[in-house]
Amino acid sequence: MIIEVEQLNKVFKQAVKKPGLAGALRHIVTQEYVTKEAVKNINFNINEGEAVAYVGPNGAGKSTTIKMMTGILHPTSGVVRICGVEPSKRRIENAKNIGVVFGQRTQLWWDIPIRETYTLLRDIYELSEAQFRDQLDMLVTLLDMEEFLYLPARKLSLGQRMRADLAAALIHKPRILYLDEPTIGLDIVIKKKIRQFLKELNHSNHTTVLLTTHDLEDIEDICERIVIIDKGSLIYDGNLAEMKDTYAKERAITIETTTPILDAKKRLQDYPTIQYEILENTNMIKINFNRFETRATQLLNIFTQDYEVLDFKIDEPKIETVIMKMYSGNLSQAMQATCDL
Ligand code: ADP
Ligand code: MG
């Protein structure tokens with residue numbers, strides 16, 4: 001187990017700011033605090049080489065968990081072990097095993113050519129010149145960085161900066177890569193490039209990837225496993241495909257015919273739970289069905305008998321829809337995720 005998280009808790013204590021005189025006198029009057037349980041009793045293990053999505057709504061506790069894994073924050077209670085090491089107790093040793101990318105921040109020096117940032121990191125991680133060269137060449141090629149390698153970070157576009165940050169996180173060949181919202185604000189072309197790169201890194205180098213993102217297309221592309229948290233607590237941990245199988249039961253089939261369908265109600269009378277609509281000004285019918293109760297081919301056959309079918313397509317609920325319904329803690333709602341959101 002490369003990542004072990006046991007009974008992990010993080011409570012933030014924040015001083016309440018009082019307005020007016022009481023506020024001004026806060027050093028001599030008793031200070032009041034509010035506490036925030038950002039992470040509550042979380043448990044999970046990750047094996048080397050896994051790619052795991054760590055997902056939850058805003059404020060769920062994702063970044064706080066990652067900060068405890070990197071050693072930036074101490075757990076209030078419970079244990080994090082990364083490659084057998086407790087990060088907050090042995091930060092330097094832990095740093096050798098991990099790379100971190102925070103989408104909202106950069107670890108690049110702002111005013112110097114990014115190539116120089118890598119040289120500084122080479123010295124910090126005590127890499128040999130040969131190790132460093134090989135790894136940098138590989139990253140520059142895979143991340144397509146030639147054209148901006150000698151520019152200062154402040155002159156890079158967001159997409160270039162993100163690639164440069166990824167290279168900085170990976171220059172010492174860490175066994176684990178943490179990514180906190182890595183594709184935030186990026187255009188679709190760069191997103192795809194970064195996803196491709198992460199997939200390759202995970203498959204070829206067996207780098208363990210833990211990814212938090214709001215962009216659920218990221219996770220479908222990169223991750224096989226999904227861990228969902230909400231309000232600090234873990235609500236789901238499992239295989240992404242199995243989750244979709246279990247919770248995304250609804251399908252929609254849209255059938256286009258050469259002539260208008262006028263007798264849909266009669267034709268579908270044996271399927272009382274099915275809902276359908278005729279799409280306005282078209283010869284298309286859209287039928288929502290539960291894939292465990294009805295097969296798409298059954299529905300198609302109903303119409304091919306007497307109509308000429310031009311085209312058909314089958315939609316499944318988006319992963320977003322399934323997960324959004326899980327956030328509210330209502331798994332039965334998640335099962336009813338519809339196809340049209
Ligand atoms: P996420 O990354 O899932 O959006 P965070 O881990 O950043 O969520 O935050 C979880 C909760 O902890 C939020 O309610 C947030 O306001 C609170 N929080 C995060 N950092 C601090 C801090 N340093 N002090 C007080 N509260 C914090
Ligand atoms: Mg966050």
Side-chain angles (χ1 to χ4, degrees), residues 3-18 23 26 31-44 46 51-80 82 86-88 91 94 98-107 158 161-162 165-166 169 176-186 191 194-195 198 209-219 222-223 225-238 240 243 319-320 322-329 334:
I3 296 177
E4 295 162 89
V5 174
E6 285 166 20
Q7 294 290 100
L8 186 64
N9 284 281
K10 182 70 194 179
V11 180
F12 289 111
K13 209 172 160 192
Q14 261 186 332
V16 180
K17 288 201 186 88
K18 290 181 192 161
R26 71 179 186 280
Q31 184 66 60
E32 272 180 36
Y33 291 96
V34 284
T35 57
K36 170 85 207 174
E37 293 178 272
V39 169
K40 295 185 223 170
N41 279 320
I42 283 187
N43 294 285
F44 60 82
I46 296 175
V52 179
Y54 196 51
V55 175
N58 257 330
K62 304 180 296 292
S63 296
T64 304
T65 313
I66 292 199
K67 285 175 187 163
M68 289 191 274
M69 293 176 148
T70 60
I72 299 170
L73 288 175
H74 289 268
T76 305
S77 66
V79 185
V80 177
I82 308 298
E86 286 186 53
S88 63
R91 281 185 71 167
N94 183 55
I98 67 166
V100 193
V101 175
F102 286 104
Q104 324 249 33
R105 254 184 289 142
T106 180
Q107 65 159 316
L158 190 59
R161 208 211 75 206
M162 185 51 59
D165 257 306
L166 266 170
I176 304 173
L177 179 63
Y178 301 114
L179 300 146
D180 195 348
E181 304 281 354
T183 59
I184 202 160
L186 299 182
K191 267 188 197 179
I194 288 180
R195 287 174 191 158
L198 293 173
V209 174
L210 185 72
L211 169 73
T212 83
T213 181
H214 274 100
D215 192 325
L216 298 170
E217 273 179 37
D218 285 351
I219 69 173
I222 302 163
C223 304
R225 176 173 160 200
I226 181 167
V227 175
I228 305 179
I229 63 166
D230 190 14
K231 301 187 187 77
S233 301
L234 194 144
I235 58 171
Y236 186 87
D237 179 355
L240 185 61
M243 183 188 91
I319 186 86
E320 275 97 323
V322 179
I323 292 174
M324 292 306 163
K325 299 216 170 183
M326 288 180 130
Y327 289 166
S328 55

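One-based numbering, in listed order, for ligands and for the atoms of each. Predicted model only: the values in this text are computed from it and were never measured. FYI, side chains are in, hydrogens and waters are out, and symmetry mates aren't considered; it's all heavy atoms of this structure. Along the sequence shown, the residues carry numbers beginning at 1.
At least one donor-acceptor pair closer than 3.5 Å links the side chain of Thr212 to the backbone N or O of Glu181.
For atom 12 (O) of ligand 1, a protein heavy-atom neighbour is present inside the 4.0 Å cut-off. Distance screen at 4.0 Å: atom 19 (C) of ligand 1 has a protein heavy-atom neighbour inside the cut-off.
Contacts of Lys62 with ligand 1, taken as heavy-atom pairs under 4.0 Å, involve both backbone and side chain.
For ligand 1, the atoms sitting less than 4.0 Å from at least one non-hydrogen atom of Thr64 are 5 (P), 6 (O), 9 (O), 10 (C), numbered in the order shown with element in parentheses. Near Asn58, meaning under 4.0 Å from any of its heavy atoms, are these atoms of ligand 1: 4 (O).
Counted by atom type alone, Gln7 and Asn43 present one or more donor-acceptor pairs between their side chains at under 3.5 Å. No hydrogens or angles considered: nothing links the side chains of Thr70 and Tyr178 as a donor-acceptor pair under 3.5 Å.
In this structure, the protein non-hydrogen atom closest to atom 10 (C) of ligand 1 is Gly59 O, 3.3 Å. Closest to atom 8 (O) of ligand 1, if we only count protein heavy atoms, is Gly61 N, 3.2 Å. Annotation: atom 23 (N) of ligand 1 to nearest protein heavy atom, Phe12 CE2, 3.6 Å. Closest to atom 14 (O) of ligand 1, if we only count protein heavy atoms, is Lys36 CE, 3.1 Å.
The Mg ion (ligand 2) has no N, O or S atom of Thr212 closer than 2.8 Å.
Of the listed residues (Gly56, Ser63, Ala38), the one carrying the non-hydrogen atom nearest atom 7 (O) of ligand 1 is Ser63.
Side-chain atoms of Leu166 and Leu177, non-hydrogen and from C-beta on, do get closer than 4.5 Å to each other.
Environment of CD in Glu37: sparse, with no more than 12 heavy atoms of neighbouring residues, nucleotides or ligands closer than 6.0 Å.
A salt bridge links Asp218 with Arg195: the distance from a Lys NZ or Arg NE/NH1/NH2 to an Asp or Glu carboxylate oxygen falls below 4.0 Å.
The OG1 atom of Thr64 sits 9.5 Å away from the CD1 atom of Ile42 when rounded to the nearest 0.5 Å.
Here the closest non-hydrogen pair linking Ala51 and Ile222 is CB-O, 3.5 Å.
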